[in-house]
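Just the heavy atoms: all of them, side chains too, but no hydrogens, waters or symmetry mates, feed the values below. Here is how names work: the chains are called A, B, and so on, in the same order as the sequence lines, proteins then strands, and each is numbered from 1.
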Amino acid sequence: MPYLLMGFTGFTLFYIWPFILSAKYAFTDKPANGIFVGLKNFIELFHSKPYLLGLENTLYFICISVPLAMSISLLLAMLINRVEKYKAVFTLIFMIPLVMPSGSMVFFWKALFSKKGYINFILSSIGISSVNWLESTSSIYVIVLIFIWKNMGYNMILFMVGLHNIPKMYYEAASIDGAGAVQSFFKITLPELIPTTVLVTIMSIINSFKIFKEVYLLTGNYPNERIYMLQHFMNNMFYALNYPKLTTATCVLVLVITPLVYFLLWFERRQRE
Amino acid sequence: MKKCILLFFIVILGLFTTSCGQSNALGTSENAPSENAISQATSEKDPLESLLTEDLSGELTVSCYDTMFYKDTMEKAAKAFEAKNPGTKIHVETFASMPVMKTLENGITVSTRDNEEQERADYIQKINTELMSGQGADLLAMDVLPYNKYTDANLLEDLQLYMDQDKDFDISNYRENIIHALKYNNGQYIMPLDYMFDYVAYDKSLFTEEEQEKLKSRGKYTYNQLFEDGLLPFNRAKANTNQPIKMFHTTAGPQTFNALFNMDYESYIDIENKKINLTDGRFAKLLESVKAYGDKAYLNPDSESGEFTLEDFEKIRSEQFFYKVKSSFSLLEDVTRKFELEPSRSANILVGDDTHDEVLGLLSNADGKVNFRYTQAFSINSNSKNKALAWAFLKFIISDANQSDQTMFLGGLPINNHARSERAKLETLDMIQKEDAESKEKSQKVYDYYVNTIEAFSNALNNAPVKDDHIDMIISNEIVDFFSGNKTSDEVANILQNKIELYLNE
């Protein structure tokens, strides 16, 4: 309990309390000497084209990248689990993206995906016209790739722990009963991995918001419309001194994420029971 | 759980009802003031009137960015104000580090500042944070700060109210057209201390008498007209010499593009009304035109590295150009030369050989708008606890006594009318340092001509487009791709339209 208290105090002091203090701006008309306007900012927010664009792009990105990243991580975890020799080496290789600084990697991504980058060089050498990867609607796929590359190691480790916790006798019993690999996967692996899957889903959704760092470093405050995320909107509101809009967007995000996480944890608890 | 949800919805309903009530009270239009707002403003006048008649006392903080420009000038003004108004105390805060003087290989000394961009961004961030938390200096220098954003966030005082209510303030003592041209959202939120403009000079040795007469027949000049009028002499010069003489000293790239774009800035980007118009073909045509000027050799090609090197600098200094766009800072020098006197100093280090230069007129756009800019302007923080003192000090800074003092640094022409002519006298004497009778007689002519030209040009100034550093940065980053051949003009126009629209509508 004392150990929890310390962490909880720090969390309250540096996250909860500042959030509560700043949330008042969501109900005022201006940052300084503002008057109370109720839900006016929330109503205006949902009429704001940039916000709706950011929301649409963020949801689209999460719906594509999270399932894709989870599937690839699970596949990798299952493959590495089967490897007997050099398991640690393979695990380490996939963990490297996690520890590489975003700032350094941006140089690499730019070299790959800029209009005169290596990818377009390869494409044009095989007769395909070059693509403006970072400044067209194709930019979303670049961001999905970056997200998967950066997070698959982390998800893979979580899945490997989950796989390790599945008793081997379940598979043995299933194989005795004549179950094939696919059946074992859907009837044993997936159900047993539900707690891990819920955790990975939550962490992936959270990490999907962190992709803003790479997008910002690659394309700036105002990227192509396709990759203009909610975080761009909020970051730009901060610089534009529009604290009411910024905190309103933050409150909406908290109001959406909290029940979602609650639902996932409830689902996991139900499955466990 | 159900009780929590029910309670939550009751709170939401309450907040929703409150917000509708507030909307009805304040009116639905953002731009047109409602009756309540007007009556609120009217009632604000009464406390303002009483504020302005109170005895001055207390402390005031003045915040400025550029230490080199402001520190000594403001501190001197502060001391003089404090001496005149006992019981007051003015604190002057500056932010930027002092520049370092460096001597280049060719012997020219330049001042540089490391990390200037970062310092500037840090200062803006500092002021933003202070203003957002309801604090900040009483008086803010607006040369690097985005006054339009502060105005939109209701962080600055409308000085029109002060100007109207203060019986000791007579606007006819100042350049009214300059002050009024800086109105934003129907209010006066900044007071300029000075102003500058650009004018065109032409090299009379490159034009025949007839061509010069035709050239001088217009009052204002657009870039297109200048290119058209210069075509004949350009072709003639091209035929007669191996070293083609260029129309302007700017290069056929971002430099010239920016000059042309800024003439019509508001027709492309209207920040006040959040409208942007880059895809109707004019923007793309502008990009293509600038490129064409380079292809036709009207202008020097852009540097391949995109940077202005020492070599470029040396080349430009000795080159002849048909036209030169100079700032008002150079006007006295050209006028001095007109009366066959040698100026004692030259500001023209970047516009080539100006031995034969003659003042032509002001640059305007096709709609007759003539741009100007200010180097120093101040605003009063609406959070200030001593607005009366802030206004009094602001009036003092733009007073005749303060602005006439030549030791007080001003980046441009003083906004105070009498101070402008007083400074012109001192500058003319400084420019023509000879003491003989002939020079003295000529210096009087120089002064008269200079002052008349300044005032004639100043009367025509009518536009200071509200610009946004961020938008300018977005544009300058994108147009590089056009001039380097990576993107077409239409692609650049579409990308910019989307990005800037997003930025303005956030």
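Contact of B:I474 with chain A is made through the side chain alone, with heavy-atom distances under 4.5 Å. Contact annotation for B:Q125: only side-chain heavy atoms (C-beta onward) come within less than 4.5 Å of a heavy atom of chain A. Neither the backbone nor the side chain of B:E501 comes within less than 4.5 Å of any heavy atom of chain A. A:F42 does not touch chain B: none of its heavy atoms, backbone or side chain, sits under 4.5 Å away. Proximity to chain B (any heavy atom under 4.5 Å) is shown, for A:N41, by neither the backbone nor the side chain.
The two atoms that bring A:K245 and B:E506 nearest to each other are NZ-C, 3.3 Å, heavy atoms only.
Taking the six-membered ring for Trp, B:H470 and A:Y239 have ring centres at least 6.0 Å apart.
Checked by atom type and distance alone, the side chain of A:K115 pairs as donor or acceptor with a backbone atom of B:N486 at under 3.5 Å.
Here the CD1 atom belonging to B:I500 is positioned 10.5 Å from the OH atom belonging to A:Y222, to the nearest 0.5 angstrom. Of the inter-residue distances, the one linking A:K49 atom NZ with B:N505 atom CG reads 7.0 Å to the nearest 0.5 angstrom. Taken from CD1 in B:I495 to CG in A:N132, the straight-line distance is 6.0 Å, to the nearest 0.5 Å. To the nearest 0.5 Å, atoms CG (A:N242) and CG (B:D152) are separated by 9.5 Å.
A:Y118 OH: 12 or fewer foreign heavy atoms inside a 6.0 Å radius. Around OH of A:Y141, the count of heavy atoms belonging to other residues, nucleotides or ligands within 6.0 Å does not exceed 12.
Between A:E135 and B:K487 there is a salt bridge, since at least one side-chain N of the basic residue sits less than 4.0 Å from a carboxylate O of the acidic one.
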